[in-house]
Visitor: 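Structure below; questions to follow.
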Amino acid sequence: MTHDTELGLRYAVGTDLGLHREVNEDSAYASPRLLAVADGMGGHAHGEVASSIAVAAMAKLDDRLAATDRQGVDPLAALAGAVSAIARRLAEVADQEPQLRGMGTTLTALLPFGPGFAVAHLGDSRGYLLRGGELRQLTHDHTLVQALVDDGQLPREQAAQHPRRSMLMKALQSTGSGEPDLFLHQAATGDRYLLCSDGLTDVTPDEDVRGALAEAADPDAAVRQLIELANRAGGPDNITCVVVDVRDRPSGRGGRRIVRGAAEGTVDVRTSRLPGWLRRLLAQA
Ligand code: MG
């Protein structure tokens with residue numbers, strides 16, 4: 001199988017219910033060709049279904065990337081296509097199942113390409129880069145609070161405490177999806193990337209995220225440490241992290257991991273009332 005990324009990647013994925021939620025609505029995806037975090041929204045409207053639909057689309061795109069010679073692939077167009085497919089699927093599914101109307105999900109995805117990544121981002125999950133000991137946020141939150149900060153109406157220092165900080169300006173939703181941010185990012189050997197849901201960043205200051213990423217020996221240790229930090233800070237929301245190291249040699253190999261919070265966490269009784277095809281979608285791994 002061709003795998004023409006020039007990057008050697010090592011990655012780990014983890015999700016946790018947190019300390020206050022009954023259902024884990026987050027999902028994540030990781031393979032050598034695609035890495036993503038999706039944070040489902042709409043507690044009563046099955047956020048876990050929405051985030052599962054997002055990672056199912058990631059798996060589909062990954063299959064295509066694995067099966068094709070990627071020289072002809074436009075990575076940003078490929079991600080844009082996957083985002084549109086998620087938007088269509090959310091609308092279709094909500095049409096078939098009125099109880100799912102109003103569900104939605106964020107998506108932050110990295111597609112390794114050449115010496116870097118193509119990035120797709122929609123919502124308030126985040127992508128970070130640790131390089132040379134410095135933490136840099138690669139994505140821009142699509143939240144009301146971020147818009148107020150950008151507009152100069154809210155001091156940056158107050159954003160983290162704002163009572164409406166989780167209000168999204170756009171996301172992938174069954175009732176209509178926003179356009180994703182799509183961009184290319186140049187990677188370097190030694191980079192460590194983090195994709196995470198807001199269950200981490202809402203309660204963990206950047207400096208603590210930086211420290212955990214800088215100190216962890218490998219991606220697996222980093223994921224565990226970050227989840228622990230969020231839970232120590234109260235764990236008010238589901239926490240999902242994908243940590244990726246860029247190494248000097250491409251391996252082109254590495255397992256595929258699909259994490260569906262709903263499947264890994266406590267059993268959601270509501271899920272069992274869903275039609276078979278939807279239960280299969282949620283159970284698919
Ligand atoms: Mg969340």
Side-chain angles (χ1 to χ4, degrees), residues 13-30 35-55 58 86 90 100 102-109 120-128 137-147 159-175 177-178 180-181 194-206 208-209 212 223 226-243 258-266 268 270-271 282:
V13 193
T15 190
D16 194 84
L17 187 60
L19 303 177
H20 293 277
R21 294 286 171 97
E22 282 171 30
V23 179
N24 191 338
E25 299 184 307
D26 290 356
S27 294
Y29 189 87
L35 305 123
V37 163
D39 179 347
M41 294 168 294
H44 299 291
H46 301 286
E48 72 278 18
V49 175
S51 72
S52 284
I53 286 171
V55 296
M58 293 293 102
I86 297 166
L90 287 173
L100 298 176
M103 68 175 169
T105 184
T106 70
L107 181 74
T108 302
H121 169 68
L122 196 49
D124 67 349
S125 297
R126 288 181 179 173
Y128 286 92
Q137 190 176 327
L138 298 176
T139 53
H140 198 69
D141 292 350
H142 297 140
T143 55
L144 172 71
V145 159
Q146 184 62 54
Q161 277 77 44
H162 197 282
R164 295 174 81 191
R165 63 185 177 277
S166 58
M167 178 169 265
L168 293 182
M169 298 294 279
K170 57 180 180 174
L172 282 150
Q173 284 176 293
S174 62
T175 49
S177 296
D181 294 339
L194 165 67
L195 303 179
C196 61
S197 60
D198 67 337
L200 174 70
T201 48
D202 243 18
V203 292
T204 317
D206 274 5
D208 295 355
V209 171
V223 165
L226 290 165
I227 288 174
E228 199 185 311
L229 279 177
N231 277 330
R232 252 193 269 148
D237 191 8
N238 311 139
I239 310 140
T240 301
C241 300
V242 176
V243 172
I258 304 178
V259 168
R260 295 164 193 275
E264 298 217 338
T266 50
D268 178 14
R270 294 169 306 164
T271 305
L282 281 167

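Atoms within a ligand are numbered from 1 in the order they appear, just like the ligands themselves.
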Visitor: Near the Mg ion (ligand 1), which protein N/O/S atoms fall under 2.8 Å?
Guide: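 Metal shell, protein only: D39 OD2, D198 OD1, D237 OD2.
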Visitor: When you measure from the side chain of D39 to the backbone of T105, do you find a donor-acceptor pair of N or O atoms at a distance under 3.5 Å?
Guide: no
Visitor: Could you pull out all residues at least two apart from D198 that satisfy side-chain hydrogen bond (donor to acceptor under 3.5 Å, both in side chains)?
Guide: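 In terms of side-chain hydrogen bond (donor to acceptor under 3.5 Å, both in side chains), with neighbours along the sequence ignored, D198 is linked to no residue.
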Visitor: Quick one: does any side-chain atom of D141 pair with a main-chain N or O of T143 as donor and acceptor, under 3.5 Å?
Guide: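 Checked: no pair found.
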Visitor: Report all side-chain donor-acceptor pairs from residues 162-171 shorter than 3.5 Å, counting only partners two or more places apart or in another chain.
Guide:
residue, atom, partner, partner atom, Å
H162, ND1, R164, N, 3.0
R165, NE, A160, O, 3.4
R165, NH1, H162, O, 3.0
K170, NZ, E179, O, 2.7

Visitor: Could you go step by step and tell me if T106 and L122 meet the side chain to side chain contact (heavy atoms under 4.5 Å, CB included) rule?
Guide: CA-CA 6 Å; T106 70; L122 196 49; over 6 Å; no
Visitor: Return the set of residues passing side-chain hydrogen bond (donor to acceptor under 3.5 Å, both in side chains) with T240 (not counting sequence neighbours), or none when no residue passes.
Guide: T15, D26
